[in-house]
Amino acid sequence: MLKDPLRFWAVVSQAAGFTLIVLLETWLGRAQAGYWQIRVLVVMLAIALVIAVLRRYQQRKAQRLAAKRRQLLQDEAADD
């Protein structure tokens, strides 16, 4: 988990969000906590979306680099 910073931040953000939701329920009670819990959930979803976009960007970057390496190896093999 520590080798992948995006996974680390995804787990930390979701754990913090769920903990905050439970704490709000405990401190404020069911009637008043709902307003804040929805906002915490929206923030959690937004963070998850940002992390998903960043992960996709990293995957595409790795695919481009791998394709470039393959092309260089093919060009070198063709030159020999």
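In what follows, residues are counted from 1 in the order of the sequence shown.
Cluster annotation: I21 is connected to Y35 through the hydrophobic network of ILVMFWY side chains, with a link wherever side-chain heavy atoms come within less than 4.5 Å. In the hydrophobic clustering of this structure, L45 does not group with I51; members are Ile, Leu, Val, Met, Phe, Trp, Tyr whose side-chain heavy atoms approach within less than 4.5 Å, directly or through other members.
Shown here are the side-chain hydrogen bond (donor to acceptor under 3.5 Å, both in side chains) partners of E25, two or more places apart in sequence or in another chain: Q37. Partners of Q71 under the side-chain hydrogen bond (donor to acceptor under 3.5 Å, both in side chains) rule, at least two apart in sequence or in another chain, are D75. L28 meets the side chain to side chain contact (heavy atoms under 4.5 Å, CB included) test with L24, Q32, A33, W36; sequence neighbours excluded.
Counting only residues at least two apart or on different chains, no salt bridge (charged side-chain N to carboxylate O under 4.0 Å, His left out) pair has a member in residues 14-23. For residues 40-69, the pairs satisfying salt bridge (charged side-chain N to carboxylate O under 4.0 Å, His left out) are D4-R55, with sequence neighbours left out. Here salt bridge (charged side-chain N to carboxylate O under 4.0 Å, His left out) pairs that include residues 31-50, with residues two or more places apart or in two chains, number zero.
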Sequence neighbours left out, cut at 3.5 Å: what donor-acceptor pairs do the side chains of residues 9-20 make with other protein atoms?
| from | atom 1 | to | atom 2 | distance (Å) |
| --- | --- | --- | --- | --- |
| S13 | OG | W9 | O | 3.1 |
| S13 | OG | A10 | O | 3.0 |
| Q14 | NE2 | M44 | O | 3.3 |
| T19 | OG1 | A15 | O | 2.7 |

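For the atom pair L54 CG and Q59 CD, the distance stands at 11.5 Å (nearest 0.5 Å).
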